[in-house]
Amino acid sequence: MFYTTSKMAGANTAGQYKTVHPFKKIGCIFTFILSASTAVVGQNKEPIVIATNNSALVLSIGANQRVYQNYLGKRLINKQDYALIPQGRYEAYITGGMEDQFQPAVKVTHADGNPSLELQYVTQHVTQTEDLVETVIELKDARYPTTVTLHYDAYQKEDVIKTWTEISNKEKGEIILENYASSMLHFSAKAYWLTHFHGDWASEMKQEETRLTHSALEIDSKLGTRADMYRTPVFFLSLNKPADETTGELIAGTLAWTGNFNFRFETDERDNLRVISGINAYASAYHLGSGKTFVTPAFIFTYSTAGKGQASRNLHSWARNYGVLDGNQPRLTLLNNWEATHTDFDETKLVGLFDDAKKLDLDLFLLDDGWFGNKYPRNDDRTGLGDWDANKTKLPNGVSKLVKEATAKNLKFGIWLEPEMVNPKSELYEQHPDWLLKLPNRAENYQRNQLVLDLANPKVADYVYQVVDHLLTENPNLAYIKWDCNRTMSNAWSPYLKDRQSDLYVDYTLALYRVFDRIRAKYPHLPMMLCSGGGGRTDYGGLKYFTEFWPSDDTDPLERVYIQWGYSYFFPSNTISAHVTSWGKQSLKFRTDVAMMGKLGYDINVDKMTAEEVAFSKAAVDNYKRLSDVIWHGDLYRLASPYEGNRAALMYVDQQKTKAVLFHYNLNVRYKELFGAIKLWGLDPQKQYKIEEINTFTGIKSNLAGNGQTLSGDYLMNQGINLSSGKIVPLTSMVIEISAVSK
Ligand code: DGJ
């Protein structure tokens with residue numbers, strides 16, 4: 001940890017801060033509070049250092065008492081050197097309406113109509129535990145009782161900084177927040193490359209890289225109920241030259257917010273780049289009442305000098321330790337029925353499917369959409385949404401009978417819900433016409449034949465909570481929920497918010513989080529999948545409450561190589577649900593091998609499989625269970641990118657470097673195309689490793705040259721192994737288990 005107690009005491013003796021509480025020790029937590037309440041004149045030389053084990057963000061207080069960003073980069077060896085860094089050109093959290101003529105981080109209109117903010121340093125608090133250092137910097141407007149608090153949580157060993165702000169209105173009247181970024185970061189490099197991800201339904205997470213010019217570029221969304229679809233709330237920003245997997249200086253960033261987001265990259269004439277991250281302020285001027293505080297969502301970033309691979313490993317370990325519900329706990333393999341049956345099922349059929357799940361040795365059966373609605377049975381997506389009683393024709397004995405039957409077969413049972421939505425053909429719609437988001441004086445606008453409920457209304461939020469709580473109370477053995485959200489907000493107007501419509505986007509997401517908070521207070525560890533008509537809710541705002549997410553409705557495994565590859569930069573494998581389905585014409589082995597690099601599940605007609613296919617799949621599930629600790633919690637090394645050639649390869653290595661799993665996929669390989677050896681990464685050069693192909697059909701000889709041989713980590717990492725000897729067949733794959741052996 002960078003700041004020691006003696007360093008802080010030094011700051012006090014230098015007389016630059018007034019110490020309010022000299023030093024508090026609470027258990028193993030150390031807290032410092034440093035304040036400038038005795039007006040300090042002249043530049044404060046003592047910098048504010050927010051450091052992780054390998055990176056540092058340095059701020060300082062200028063002569064005008066504003067806070068500037070001096071540095072963002074590698075952690076310096078000598079902590080005294082931070083004080084030598086000149087004051088940065090730009091403030092750490094630039095305000096609108098004052099001198100700066102680029103985009104501000106925050107813009108406020110005061111109750112008297114004054115559209116400006118001038119933020120000056122008041123005090124800072126540092127709370128330190130072994131793994132986390134929390135720095136809180138309080139700022140206050142020079143003339144108005146508006147305060148802004150900057151938060152920086154520095155996760156030491158993960159090299160991740162989580163940053164957000166709190167804006168408090170201490171005026172007598174309401175103020176309007178026009179912009180309210182979570183983070184503003186400044187960079188000074190020769191050039192910048194931005195890697196971002198775009199897509200649509202069933203084609204999520206397509207990677208693109210662009211060089212930034214002397215202009216502004218925004219990556220944003222305006223979808224209301226979700227963050228992701230056309231653009232994903234994640235990016236890499238490479239400095240000076242494009243980074244690759246192992247080299248290059250960059251940050252990887254993501255916003256923990258399940259609603260409209262905005263990342264803005266603006267470069268000035270001197271090549272200074274400001275990156276502003278936060279909620280999209282589009283149509284969202286926020287009304288902040290007197291005495292109220294607005295807390296922005298967290299922007300999470302990591303700085304790496306060793307390329308994208310290191311950055312994503314940092315994010316993965318942060319996510320498992322802090323960002324995802326039960327990130328270090330096991331996950332359940334499952335059989336889902338959506339692809340296999342859609343809404344066409346009944347109790348007998350489902351109970352039969354339980355046996356199929358058992359045949360594949362899966363842990364859980366997940367019943368998808370179509371199990372509810374009586375006046376308007378949910379037999380397709382036009383009816384019944386909102387009426388969460390089991391359909392009496394399909395399920396005469398209710399959900400509880402299914403839970404009982406599954407439990408009797410030693411299988412867990414999970415269920416699909418979409419409680420934020422309603423079909424106009426539903427009893428809920430008939431009973432609560434005032435609970436819908438829809439414009440007055442306009443025709444109702446549907447996506448997938450449904451409307452969004454007005455979650456800003458506490459009664460509606462309570463109803464949504466009750467739907468979940470009722471189901472779980474009635475069925476205490478219910479073991480899993482898939483939470484779906486199949487439309488975005490458009491033509492939206494909240495009857496509840498009345499003349500505060502511009503609060504809707506924000507209030508919807510905040511209300512959703514309050515529902516999740518209530519669910520988690522009562523059911524803290526129930527595994528839940530976050531889904532949104534494919535990959536719409538792929539953000540750490542939601543994942544805090546969920547164990548995994550659905551990345552895309554596109555389960556064609558060729559497409560999934562790219563989709564899962566993209567998500568793997570920012571999310572650990574145990575969160576990326578990947579199901580073996582009948583999409584795509586590839587072999588069952590290829591489909592299985594692709595799903596196995598993520599959180600494995602099945603969504604397939606098992607009764608249409610041959611006995612060999614069932615045996616292969618069961619063995620694959622058993623392999624997965626045996627190796628899941630490495631796949632879920634190991635370090636990920638991406639070895640060959642599908643964006644750079646006709647193959648993809650990646651491997652997971654456990655912390656002790658004793659076990660690794662390598663996945664290799666030949667994609668649309670050209671006639672006579674040849675591939676060289678693949679060099680492995682992350683092994684111990686001193687160790688010997690046995691290399692064995694797994695996931696082969698019984699009786700099929702392995703294509704791996706030298707299958708079963710033992711090679712040194714040194715050899716594997718420097719010479720590598722040839723995984724594509726002989727004729728390379730398109731859309732074939734290999735999974736290789738790598739085990740350290742004693743000499
Ligand atoms: C969209 C999801 O992405 C699918 O997996 C499935 O659950 C359907 N909704 C059900 O309506």
Side-chain angles (χ1 to χ4, degrees), residues 199-205 223 225-230 232 258 334-345 350 353 364-373 376-388 390-391 394 413-423 425-426 446-452 467-468 471 480-488 527-539 542-543 546-557 559-560 563-564 567 575-584 591 595 598-605:
D200 200 339
W201 176 77
S203 63
E204 292 86 347
M205 221 44 192
L223 305 168
T225 55
R226 55 200 275 178
D228 188 6
M229 185 156 76
Y230 305 124
T232 310
T258 315
L334 57 83
L335 178 66
N336 188 193
N337 70 313
W338 178 245
E339 293 291 331
T341 68
H342 283 256
T343 54
D344 180 19
F345 54 78
L350 292 177
L353 296 182
L364 177 126
F365 179 84
L366 170 59
L367 173 58
D368 214 286
D369 193 356
W371 59 268
F372 49 88
Y376 301 102
R378 178 73 169 176
N379 292 328
D380 55 41
D381 61 21
R382 284 173 298 185
T383 52
L385 201 58
D387 300 345
W388 296 105
N391 177 274
K394 290 182 193 176
F413 183 85
I415 205 159
W416 178 96
L417 282 173
E418 193 182 5
E420 299 156 71
M421 304 283 164
V422 63
N423 281 135
K425 282 202 172 161
S426 69
Y446 308 125
Q447 286 172 20
R448 212 192 190 214
N449 309 303
Q450 65 195 56
L451 290 163
V452 185
V467 168
V468 184
L471 200 61
Y480 187 93
I481 283 178
K482 175 179 178 182
W483 185 298
D484 208 344
C485 161
N486 279 294
R487 73 158 287 173
T488 60
M528 296 211 294
M529 182 204 281
L530 188 53
C531 175
S532 183
R537 285 180 166 172
T538 57
D539 59 83
L543 277 172
F546 286 77
T547 45
E548 57 230 59
F549 67 90
W550 186 236
S552 176
D553 276 350
D554 184 348
T555 52
D556 176 313
E559 298 296 328
R560 273 297 185 119
I563 292 170
Q564 291 169 205
Y567 284 116
T575 63
I576 305 173
S577 299
H579 295 176
V580 179
T581 74
S582 301
W583 276 51
R591 285 179 273 154
K599 206 231 105 182
L600 177 69
Y602 283 77
D603 194 349
I604 197 165
N605 278 308

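Whatever order the structure lists them in is the order used to number ligands and atoms, beginning at 1.
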Partner of Arg378 under side chain to side chain donor-acceptor pair (under 3.5 Å), chosen from Asn391, Thr383, Asp369: Asp369
Mind checking whether Tyr567 and Phe549 have parallel, tilted or perpendicular rings, split at 30° and 60°?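 Rings of Tyr567 and Phe549: perpendicular, over 60°.
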Taking Glu418's backbone N and O only, do any of them form a donor-acceptor pair with Asp484's side chain (distance below 3.5 Å, no angle check)? no
So, using ring-ring contact (aromatic ring centres under 6.0 Å, His included) as the criterion, who are the partners of Trp583 when residues are at least two apart? none
Which protein residues have a heavy atom closer than 4.0 Å to any atom of ligand 1, listed by chain and number?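 Protein residues near ligand 1 are Trp338, Asp368, Asp369, Trp416, Arg448, Lys482, Asp484, Asn486, Cys531, Gly533, Gly534, Trp550, Asp553.
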Run the salt bridge (Lys or Arg N to Asp or Glu O under 4.0 Å) test against Asp368 and tell me which residues pass, sequence neighbours left out. Lys482
Please list, chain by chain and in numerical order, all residues satisfying salt bridge (Lys or Arg N to Asp or Glu O under 4.0 Å) with Arg591, sequence neighbours excluded. none
